There are 2 protein chains.
Amino acid sequence: MKYKATTIKDIAKALNLSTSTVSRALRDSHEISAATKQVVLEYAARLNFQPNPIALSLKERKSHSIGVIVAEIANSFFSQIINGIESVANEQGYTVIISQSHENFEKEVRTLQYLASRSIDGLLISVSSATNDLQQLKSLHQSGLPIVFVDRSVEDIHTHKVVVDNYQGAYNATIHLLEQGYRRIACVANSEHLNITKERVGGYMAALQQYQLKPDPQMIKYCFHGGMLLHEVETAVSELIKLKPKPDAIFATSDKLTTGCMRMLKRHKIAVPKTIALTGFSNSELIELLHAPITVVQQPAFEMGQVATELLLQLIESKRPVKDFKTIKLQTRLVSPDNK
Amino acid sequence: MKYKATTIKDIAKALNLSTSTVSRALRDSHEISAATKQVVLEYAARLNFQPNPIALSLKERKSHSIGVIVAEIANSFFSQIINGIESVANEQGYTVIISQSHENFEKEVRTLQYLASRSIDGLLISVSSATNDLQQLKSLHQSGLPIVFVDRSVEDIHTHKVVVDNYQGAYNATIHLLEQGYRRIACVANSEHLNITKERVGGYMAALQQYQLKPDPQMIKYCFHGGMLLHEVETAVSELIKLKPKPDAIFATSDKLTTGCMRMLKRHKIAVPKTIALTGFSNSELIELLHAPITVVQQPAFEMGQVATELLLQLIESKRPVKDFKTIKLQTRLVSPDNK
DNA sequence: TTTATTTACGCAATCGTTCCCGGAAAATTC
DNA sequence: GAATTTTCCGGGAACGATTGCGTAAATAAA
């Protein structure tokens with residue numbers, strides 16, 4: 001069953017006016033007398049009239065909704081981004097439709113297809129780690145759908161991007177390990193397809209070189225599904241600890257991988273940081289409660305969401321095609337368990 | 001700028017047919033010849049035609065979207081519920097609009113107002129801990145909006161509810177502590193307004209009585225904002241450890257409170273479980289990685305989301321008003337760090 | 001051959017709004 | 001008092017789809 005909301009027609013009929021007059025009165029048009037306006041406004045308020053957003057959307061050819069695709073919301077980093085997105089989107093009267101790719105390319109494609117079919121006005125996306133085909137995204141972009149990338153972006157598509165200084169963040173984390181005396185530092189990284197992976201691994205290698213250490217390919221493990229499949233991390237860590245000599249530290253390039261490594265090290269009964277130290281990107285709020293207090297690279301997730309949404313709404317509301325795209329690069333923060 | 005999608009009119013014009021014929025051809029109506037159908041279908045496929053969902057919504061007076069209100073998505077319990085919701089909603093062609101109350105009543109009211117104005121077809125809600133006025137919710141329900149409660153429900157509103165056996169879950173957890181020899185068990189609970197709080201505190205007290213222990217009001221602390229404000233938990237824990245004799249264990253009634261207590265105990269440098277043991281409701285996946293391995297009460301969150309959504313969609317798609325409402329009560333699981 | 005029935009399509013209303021026109025009444029100017 | 005301008009409001013098309021109804025042509029039945 002459904003409930004019937006009051007429409008502009010109901011008001012018009014009740015007040016013996018035309019729908020155009022009612023519409024104009026509600027929008028405070030100058031061509032309606034003060035007296036009529038008052039009558040309409042009062043009556044509308046009494047019935048708690050709400051203009052039907054669907055009718056409006058049809059008329060304006062705007063759904064007033066934006067799509068968001070992230071790997072998974074059950075991840076502090078992404079949920080913080082989403083909070084940032086919502087804070088500005090809702091402020092401006094936009095509905096946010098959240099979807100998850102679960103780091104799965106097919107799911108991402110289906111989701112994207114679905115969002116497009118729901119006629120969203122714009123898209124915020126952090127591509128999945130499994131994404132290696134950009135056809136669909138490109139074609140949507142070409143057909144005019146405003147897109148802004150957050151965190152994980154894509155080089156081939158020319159639009160606004162909101163990212164962090166991944167190189168620097170990874171560099172800082174690795175230097176932190178080096179300063180503490182670790183010399184055999186392994187890296188558990190996300191999918192090679194991701195631009196952030198390249199940048200973070202780059203920062204990691206630069207730090208090693210700074211200490212005259214040669215990066216060892218065997219010490220870098222890539223996880224195609226970004227740690228979504230635990231066995232990926234299991235394989236990575238198992239292989240690392242089989243190496244001779246073993247690594248004395250691990251740098252993980254994402255939230256999921258950082259906690260994944262910790263899980264694995266614990267399962268192998270390897271003391272952290274005594275036997276193997278660990279650091280990595282993470283925005284989890286529970287880090288300080290973990291059995292092994294580790295240093296993490298934090299990203300300004302909330303702010304990233306905000307900035308990205310502002311840019312997207314600019315794109316959506318711009319009268320003419322935007323040509324001048326910018327890439328906003330924010331800074332990460334190295335957080336130690338003590339210096340909180 | 002905006003991109004213009006192809007409409008049924010474009011197809012009609014190009015093929016020299018009427019819009020009705022095109023519409024019927026696309027819907028495979030029997031009153032269109034096979035030849036025409038083929039032409040239309042092929043042309044539509046070539047242009048990647050997607051019927052405008054907004055126009056459909058207007059026609060059918062259905063938005064094909066459901067609203068979801070939870071405390072916060074950055075909480076494993078709720079994000080798992082949401083995953084459950086999405087899994088069935090998307091399957092049935094419904095869009096999920098997620099909103100967060102952040103355990104704040106005013107925010108919840110605004111959000112509800114907003115969702116209603118976006119003409120959602122139904123609502124899934126887990127009320128905020130600060131909710132003590134049900135006026136708005138009641139009036140929406142009376143005006144015909146289908147509502148299903150998840151986890152935190154409300155007695156006064158007669159509709160489907162999907163909950164867990166809170167009493168039993170809390171009872172089990174407390175018994176678990178008692179069996180381990182703890183006798184001065186405190187309780188850090190959520191807002192007293194929440195029905196789940198009453199049930200969980202009830203289970204806690206029943207367990208105590210089972211061991212001939214008299215529940216001490218001083219040992220039960222309520223947090224109005226459900227631990228959303230850390231200082232609430234701080235006050236609760238500080239007061240508890242000032243008691244003489246001190247409690248030797250704490251039972252926390254929610255995810256946020258369980259981790260909040262752990263945070264506080266750590267800050268006070270109180271060893272867990274040595275000085276004070278801790279157990280509580282939690283669906284966090286990081287529990288096993290915490291410095292103090294604790295036993296938690298887990299809720300079947302994903303399933304709760306699924307069941308609730310199925311019920312809601314039934315309500316939405318029912319031809320006549322539903323009178324027979326049910327309350328689905330699922331079981332919790334007591335999970336120890338070892339028996340995983 | 002004539003009539004009845006299918007078949008296959010078009011017309012137009014509808015959903016709830018907005019907004020371009022057009023026009024009557026009132027107010028202003030000459 | 002006539003001409004002009006304002007003020008105020010209604011009619012109706014449009015947004016993109018569906019659908020009841022009407023109807024010409026094709027086919028079947030008489």
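Residue numbering restarts at 1 for every chain, and letters A, B, ... go by the order of the sequence lines. Note that the coordinates shown come from a computational prediction; the quantities given were computed from them, not determined experimentally.
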Residues in side-chain contact (heavy atoms from CB on, under 4.5 Å) contact with B/Ser99, at least two apart in sequence or another chain: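 Only B/Ile69, B/Thr111, B/Leu115 meet the side-chain contact (heavy atoms from CB on, under 4.5 Å) criterion with B/Ser99.
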
Atom pairs under 3.5 Å, N or O on each side, protein against nucleotides 16-22 of chain C: can you list them with distances?
from   : atom 1 : to      : atom 2 : distance (Å)
C/dT17 : OP1    : A/Asn52 : N      : 2.9
C/dT17 : OP2    : A/Ile8  : N      : 2.6
C/dT18 : OP1    : A/Arg27 : NE     : 2.7
C/dT18 : OP1    : A/Arg27 : NH2    : 3.0
C/dT18 : OP2    : A/Ser23 : OG     : 2.5
C/dT18 : O2     : A/Lys59 : NZ     : 2.9
C/dC20 : N4     : A/Arg24 : NH1    : 3.1
C/dC20 : N4     : A/Arg24 : NH2    : 3.3

Give a yes or no on whether the backbone of B/Leu315 and the side-chain of B/Ser318 come within a donor-acceptor separation of less than 3.5 Å.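 No; zero donor-acceptor contacts below 3.5 Å.
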
Only counting residues at least two apart or in another chain, list the ones meeting side-chain contact (heavy atoms from CB on, under 4.5 Å) with A/Val307.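 Testing A/Val307 for side-chain contact (heavy atoms from CB on, under 4.5 Å), a comparison that skips the adjacent residues, returns A/Val162, A/Glu303, A/Leu311, A/Ile328.
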
Within the structure shown, what part of the strands sits under 4.0 Å from B/Leu17 by heavy-atom distance: base, sugar-phosphate, or nothing?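 The residue B/Leu17 makes sugar-phosphate contact but no base contact.
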
Please list, in numerical order, the residues of residues 33-44 of chain A that have a heavy atom closer than 4.0 Å to any atom of DNA chain C.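 Heavy-atom contacts with DNA chain C come from no residue of residues 33-44 of chain A; none.
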
Extract all donor-acceptor atom pairs below 3.5 Å that involve side chains of residues 34-41 of chain A and protein atoms in other chains or at least two apart in sequence.
from    : atom 1 : to      : atom 2 : distance (Å)
A/Thr36 : OG1    : A/Ser33 : OG     : 2.8
A/Lys37 : NZ     : A/Asp28 : OD1    : 3.0
A/Lys37 : NZ     : A/Ser29 : O      : 3.0
A/Gln38 : NE2    : A/Glu42 : OE2    : 3.2

Quick one: salt bridge (Lys or Arg N to Asp or Glu O under 4.0 Å) pairs with a partner in residues 110-135 of chain B, sequence neighbours left out?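 Output for this query is empty, none listed.
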
Quick one: list whatever passes salt bridge (charged side-chain N to carboxylate O under 4.0 Å, His left out) with A/Asp324, sequence neighbours left out.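 Salt bridge (charged side-chain N to carboxylate O under 4.0 Å, His left out) list for A/Asp324, sorted by chain: empty.
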
Can you tell me which residue pairs pass the ring pair (Phe, Tyr, Trp, His ring centres under 6.0 Å) test with a partner in residues 16-64 of chain B, sequence neighbours excluded?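 Residue pairs with at least one partner in residues 16-64 of chain B: B/His64-B/Tyr94.
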
Mind checking A/Asn16 for me? I need base, sugar-phosphate or nothing, with any heavy atom below 4.0 Å counting as a touch.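 Contact class for A/Asn16: sugar-phosphate only.
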
Report, one line per pair, each donor and acceptor closer than 3.5 Å where one atom sits in a side chain of residues 146-157 of chain B; sequence neighbours left out.
from     : atom 1 : to       : atom 2 : distance (Å)
B/Arg152 : NH1    : B/Glu103 : OE1    : 2.9
B/Arg152 : NH1    : B/Glu103 : OE2    : 3.4
B/Arg152 : NH1    : B/Val127 : O      : 2.9
B/Arg152 : NH2    : B/Glu103 : OE2    : 2.9
B/Ser153 : OG     : B/Asn195 : ND2    : 2.8
B/Asp156 : OD2    : B/Lys138 : NZ     : 3.4

Excluding sequence neighbours, so at least two apart, what forms side chain to side chain donor-acceptor pair (under 3.5 Å) with A/Thr131?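 By the side chain to side chain donor-acceptor pair (under 3.5 Å) rule, A/Thr131 matches A/Glu108, A/Ser128.
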
Quick one: list whatever passes salt bridge (charged side-chain N to carboxylate O under 4.0 Å, His left out) with B/Glu310, sequence neighbours left out.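 In terms of salt bridge (charged side-chain N to carboxylate O under 4.0 Å, His left out), with neighbours along the sequence ignored, B/Glu310 is linked to no residue.
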
Give me the first and last nucleotide of DNA chain D, going 5' to 3', that has any atom under 4.0 Å from a heavy atom of chain A.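 Reading along DNA chain D, I get D/dC8 to D/dG16.
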
